[in-house]
Every structure is written in structure tokens, then in C-alpha cells.
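Counting from 1, the numbers follow the sequence of the chain as shown. Note that ligands are numbered from 1 as they come in the structure, with each ligand's atoms numbered from 1 the same way. In what follows, every heavy atom counts, from backbone to side chain, and hydrogens, waters and symmetry copies are set aside.
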Amino acid sequence: MSTNTGDLSSVKVSFQQKKDYFNSDQSVKISNRFDGARVDDLKVINDSTFAIVVKAENTPVNPSPWYAFQITSKKERNLYFQLEYENVKHRYLPKYSRDLKTWLSVDTVYTNEQKSVASFSMKVDKGTTTVSAQELMTSKDNQKWVKDIARLPNVEQFVIGHSLMGKPLYALRNTNATSKKIVFVISRQHPPEVTGYLAMQAFVERVLGSSAAAKNFQQNFELVVVPMMNPDGVDNGHWRHSVGGVDLNRDWKGFVQPETKAIRDYVATRTEQGNKVLFFLDFHSTWYDVFYVNKENPGSLIPGFVTKWLQGMEEGRDGYKARIEPSGNEGVVSKAWFSREHQAEAVTYEVGDLTPRNYISTIGILAADQMIKLLLEK
Ligand SMILES: [Zn+2]
């Protein structure tokens with residue numbers, strides 16, 4: 001079923017073959033038949049050892065080699081895996097889960113000199129275990145989270161547009177703001193960037209939550225959130241791109257993809273109605289925690305806000321130091337477009353791949369509290 005209006009002839013990615021692979025006595029099955037999976041080929045080396053070939057959706061592409069597969073074993077046993085990448089270095093420490101809620105990391109990974117092959121062993125129980133580059137958080141998981149948040153008082157969910165494959169781009173907003181001032185949040189333009197998504201969730205839950213400050217914020221500002229910009233890429237196990245074969249965070253000038261167009265058009269409509277986006281946050285992941293800010297933001301609606309916000313975060317938590325990397329706002333990324341076209345203060349909020357998950361939440365909440373405090377002072 002599709003409500004898509006995009007042009008599927010523009011699809012330039014190769015889809016993995018969805019398949020079950022078995023060892024010789026059929027006691028172990030490895031499958032990629034689920035959303036978020038990535039296995040392009042599998043070689044059975046012996047009954048307990050498997051080489052998993054992982055490829056990108058198309059090239060050139062950033063080195064974020066995503067993989068995910070499910071193991072079904074007839075008994076508890078030790079299994080050995082080697083991940084084989086094409087001309088790319090191993091990046092993500094394997095995680096595994098029995099229930100898709102609690103994830104543990106594999107203890108030790110061995111790589112070859114080029115880091116193009118990564119080997120690890122794990123003990124699996126009888127039944128199914130999922131192995132994934134990061135915690136598996138698919139478009140269905142996102143839909144469920146959006147639905148949960150929309151149960152909060154004065155919060156509604158809506159569909160802001162559709163992906164190239166016709167998946168809804170879910171959004172959230174609070175409906176009780178008495179002003180026309182908007183804070184706009186997006187995440188997951190890049191499918192593997194789960195740590196950024198986790199920070200976004202902590203941030204949004206805090207801002208739309210029930211603390212006195214949050215309630216005050218909600219009456220005075222509107223938060224609009226698009227938590228998963230690239231559901232096609234996420235569900236197809238992409239390393240980086242949309243199903244259009246495009247890095248969505250390089251499409252904020254050309255707007256050739258429906259996902260970015262949806263945001264451009266929504267913001268245009270709201271702006272025509274007299275609303276203004278004051279602050280924009282785009283959550284991502286990289287090698288370490290860092291805030292990419294605009295070097296200059298002439299005409300900013302709230303000049304100096306980002307600088308004060310990051311200072312506030314440092315003052316709000318002993319020992320916290322925000323790493324800040326400025327760049328110009330003439331580029332093709334989301335933070336440049338919101339700054340240039342809408343005079344918003346805008347930041348790319350990057351979270352490290354390995355940042356501890358409870359720390360991600362702590363800093364996400366700190367970021368929310370300091371934003372609320374500063375905006376309410378205005
Ligand atoms: Zn990114």
C-alpha cells in the first residue's frame with residue numbers, strides 16, 4: 001500500500017536478497033528477513049562459523065557499515081562470525097538481544113590489519129538471538145514511540161509527509177502553545193545513527209513532559225518533532241542514504257527527495273501562517289559527542305542563543321564540556337538551511353557511537369532543561 005507521490009524510477013540503490021541461510025545439519029539458521037536487517041551474502045565456513053558479507057546500498061557512501069541478522073539455534077552453543085566489508089573499515093561494536101529491548105555488546109572483536117574483516121564469537125541460547133550494529137530501532141518502533149508520546153497531555157501525532165517508498169513520516173507537536181514560536185527537531189536522516197535517536201527521545205520526552213518548566217514551555221512554545229526522517233533507509237538496513245540513493249542531509253538546497261521536501265513545505269506553510277522557527281536541532285551520530293553550529297547566523301531571531309544554551313549546559317552539570325565545531329551556513333545540510341532561510345538558531349547534535357546509553361539520556365535531558373530555561377527567560 002502506498003500513498004507515495006515520489007518518483008520510484010529515481011531509486012538507485014540495490015536491495016539485499018531476503019533469505020534464510022542454514023548450516024549443514026540445519027541446526028542453525030541465519031536470516032535477514034526482518035526490518036533493519038543487512039546481510040548481502042553468507043558463507044557457511046563450518047557448522048558453527050559463518051562469514052557475513054555486508055555491502056552498502058550504493059556508492060560512494062560514508063563509512064558507516066551497518067549489519068543486522070537473526071540467529072535461530074536448536075540448542076545452546078558457541079558460534080563464530082566474521083563480518084566482511086567491501087573496502088570499508090569495521091565500525092560498530094556488535095550488540096545482541098533476545099527480546100529486542102535489552103541489548104548487550106559482544107566482548108571482543110578481532111579485525112584484520114585493514115579492518116575490513118571483523119571476527120567475534122558468541123554463545124547463543126536455544127531460540128532466536130538478534131545481532132545488530134546498534135540497537136535495532138525500526139520505523140515500526142518509531143511509530144510505537146510516537147504513539148506513546150502522543151498520549152501525553154496536549155500532544156498530538158500527525159503525518160508530515162511520506163518517504164519515497166510511501167512510508168508515513170510521523171511527527172509530534174504540542175497543541176497548547178499560545179504563541180507562534182516553534183522549536184523544530186528532526187532525527188535519523190542517517191539510518192545507523194541510533195545514538196542520536198536515543199538523545200532525541202530523551203530530549204523530546206523531557207520537553208513534552210510534566211515538569212513545571214516543561215508545562216510552562218509548552219504553553220509558550222510549540223515543539224515540532226520528526227523523529228525518523230529516513231524510514232526507508234532504516235528498514236532496508238542502509239549505511240547512509242535514502243532509497244533514492246541520496247544522503248538526505250545533503251539535500252537541503254536541491255530538495256530532490258520527498259523526505260526533505262516534506263519538511264521544507266511544512267515549514268513554509270507554518271511560516272505563511274505567521275509562525276517562526278526560533279531553534280532547530282538535528283540529531284545524528286558520529287565518532288564522539290559534538291555540536292556542529294553555524295559560524296555566523298546573521299539575522300538570527302534570537303541572536304547568541306546557541307552559545308548561551310551550550311554554556312548553560314556546561315554550567316548545569318559539573319565537569320560537562322560541550323565540544324563545539326562551527327561551520328558556515330551556506331551549505332546543503334539542514335542546520336544551514338534553517339539558519340539561512342528561516343533565521344533560526346540551528347545545531348547538528350551529534351552523539352558518539354559508543355557513548356554510554358544512560359549518559360546519552362542524561363545529556364539529552366540537560367539539553368532540554370537548558371533550552372527551556374533560556375527560552376522562557378526571553
Ligand atoms: Zn548523520
Can you list the steps and then say if M200 with L281 is a side chain to side chain contact (heavy atoms under 4.5 Å, CB included)?
CA-CA 9 Å; M200 179 280 304; L281 277 178; over 6 Å; no
Could you tell me if the side chain of Q143 sits less than 4.5 Å from the side chain of K147, heavy atoms only?
no
Less than 3.5 Å apart, any donor N or O on the side chain of T355 or T195 sitting next to an acceptor on the other?
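T355 vs T195: no donor-acceptor pair found between side chains.
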For D35, enumerate each residue passing the salt bridge (Lys or Arg N to Asp or Glu O under 4.0 Å) test, keeping only those at least two apart in sequence or located in another chain.
K140
Once salt bridge (Lys or Arg N to Asp or Glu O under 4.0 Å) is applied, do any residues pair with R264, and if so which ones, sequence neighbours excluded?
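Applying salt bridge (Lys or Arg N to Asp or Glu O under 4.0 Å) to R264 gives none.
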Throw together a table of side-chain donor-acceptor distances under 3.5 angstrom for residues 265-273, partners on residues two or more places apart or in other chains.
residue	atom	partner	partner atom	Å
Y266	OH	R270	NH1	2.7
T269	OG1	D265	O	2.9
R270	NH1	E222	OE2	2.8
R270	NH2	E222	OE1	2.7
R270	NH2	E222	OE2	3.4
R270	NH2	N275	OD1	3.3
T271	OG1	V267	O	2.6

Which protein N, O or S atoms does the Zn ion (ligand 1) have within a distance shorter than 2.8 Å?
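Listed by chain and number, the nearby protein N, O or S atoms are H190 ND1, E193 OE1, E193 OE2, H284 ND1.
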